[in-house]
Amino acid sequence: MSTLCKNIKSAGFNQKVWQALKKIPRGRVTTYQELAKHLGRPKAARAVGNALNKNPQAPQAPCHRVVKSDGGLGGYARGAKKKNELLELEGVEVVKGRIEEFEEKIFRFK
DNA sequence: AGACTGACATACC
DNA sequence: CGGTATGCCAGTC
């Protein structure tokens, strides 16, 4: 294929993950599990985390808006601390590594 | 093809 | 409430 296409190749799952990430509105968060569900793999939360970790397009995908389903922050390629910071910048309060009013801030995919 | 790796989740103790 | 154990999944070695 021509030179322009090779970049859009389907890695399948992970590509979808990054795509879905872009839909998360600012000030909201989603969970690895919700994301997995949205992709048709309700039990692939782990795989989702892997996808984000290897995300080759970090700047385009707000990885910091993806957290654990129990309200914990989860991990972040550049450090959980940085993740915490970014979230608060968007208006998401985090206390002791836990999101305040978590259930109300979760963005659920349609 | 088979084993290992991880930014998870749930159950148990 | 915190640590351990088990299950799950896609990607990579």
Side-chain angles (χ1 to χ4, degrees):
Chain A
M1 45 175 73
S2 62
T3 52
L4 289 175
C5 290
K6 63 177 183 177
N7 194 17
I8 308 179
K9 256 186 27 168
S10 63
F13 195 74
N14 59 17
Q15 165 101 30
K16 278 183 167 184
V17 172
W18 308 323
Q19 198 62 9
L21 268 181
K22 300 178 189 171
K23 298 181 183 177
I24 306 174
R26 178 180 169 291
R28 289 296 193 97
V29 297
T30 193
T31 70
Y32 298 94
Q33 196 169 39
E34 280 296 317
L35 199 41
K37 258 193 241 179
H38 176 64
L39 300 178
R41 290 283 180 284
K43 292 175 187 160
R46 214 168 202 177
V48 171
N50 269 341
L52 296 183
N53 183 23
K54 296 183 175 177
N55 181 359
Q57 322 199 332
Q60 291 181 50
C63 324
H64 61 277
R65 293 182 191 150
V66 185
V67 298
K68 303 220 293 182
S69 58
D70 66 347
L73 288 186
Y76 192 59
R78 305 170 82 199
K81 189 168 178 174
K82 189 72 180 172
K83 185 172 186 175
N84 181 317
E85 233 178 83
L86 286 170
L87 284 173
E88 296 216 331
L89 278 176
E90 296 190 347
V92 179
E93 293 180 60
V94 180
V95 179
K96 288 190 301 208
R98 199 164 179 306
I99 296 182
E100 294 294 300
E101 298 177 29
F102 177 54
E103 289 294 331
E104 322 224 346
K105 307 219 165 159
I106 300 180
F107 169 74
R108 299 189 186 269
F109 294 89
K110 171 54 183 39

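We name chains A, B, ... by the order of the sequence lines, and we start the count at 1 in each one. If you're wondering where the values come from, they're calculated on a predicted model, not measured in any experiment.
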Protein N or O to nucleotides 3-6 of chain B N or O, pairs below 3.5 Å:
{"residue": "dG6(B)", "atom": "N2", "partner": "Asn50(A)", "partner atom": "ND2", "Å": "2.6"}
{"residue": "dG6(B)", "atom": "N3", "partner": "Asn50(A)", "partner atom": "ND2", "Å": "2.7"}

Sorted by chain and residue number, the side-chain contact (heavy atoms from CB on, under 4.5 Å) partners of Glu85(A) (sequence neighbours excluded) come out as Lys82(A)

Between CG of Asn55(A) and P of dG11(C) the distance, given in whole Å, is 13 Å

With the side chain defined as heavy atoms from C-beta on, Gln33(A) is closest, among dT10(B), dA10(C), dA7(B), to dT10(B)

Looking at Arg41(A), does any N or O in its side chain come under 4.0 Å of the phosphate oxygens OP1/OP2 on dA10(C)?
yes

d(Asn14(A) CG, Asn53(A) CG) to nearest 0.5 Å is 11.5 Å

Here the gap from Arg78(A) atom CZ to Leu86(A) atom CG, rounded to the nearest 0.5 Å, amounts to 7.5 Å

Hits for side-chain contact (heavy atoms from CB on, under 4.5 Å) against Glu104(A), two or more places apart or cross-chain, chain-then-number order -> Glu101(A)

key: Arg28(A) atom CZ, neighbour heavy-atom count above 12 within 6.0 Å   = yes

Per the under-4.0 Å heavy-atom filter, residues of residues 68-85 of chain A near DNA chain C come out as none

Residues passing the side chain to side chain donor-acceptor pair (under 3.5 Å) test with Glu100(A), sequence neighbours excluded, are none

Does atom CD of Glu88(A) have more than 12 heavy-atom neighbours from other groups under 6.0 Å away? yes

Sequence neighbours excluded, the answer for ring pair (Phe, Tyr, Trp, His ring centres under 6.0 Å) partners of Phe109(A) is His38(A), Phe107(A)

Rounded to whole Å, the NZ-P distance (Lys37(A) to dA10(C)) equals 17 Å

In whole angstroms, the gap separating P of dA7(B) from CG of Leu52(A) amounts to 11 Å

CG of Leu89(A) to CZ of Arg26(A), rounded to nearest 0.5 Å, is 8.5 Å

Separation of dT10(B) atom C1' from Tyr32(A) atom OH, nearest Å, is 17 Å

Here the distance between atom C1' of dC8(C) and atom CG of Leu35(A), to the nearest Å, is 16 Å

Atom CG of Leu86(A) and atom P of dA7(B) are separated, to the nearest Å, by 18 Å

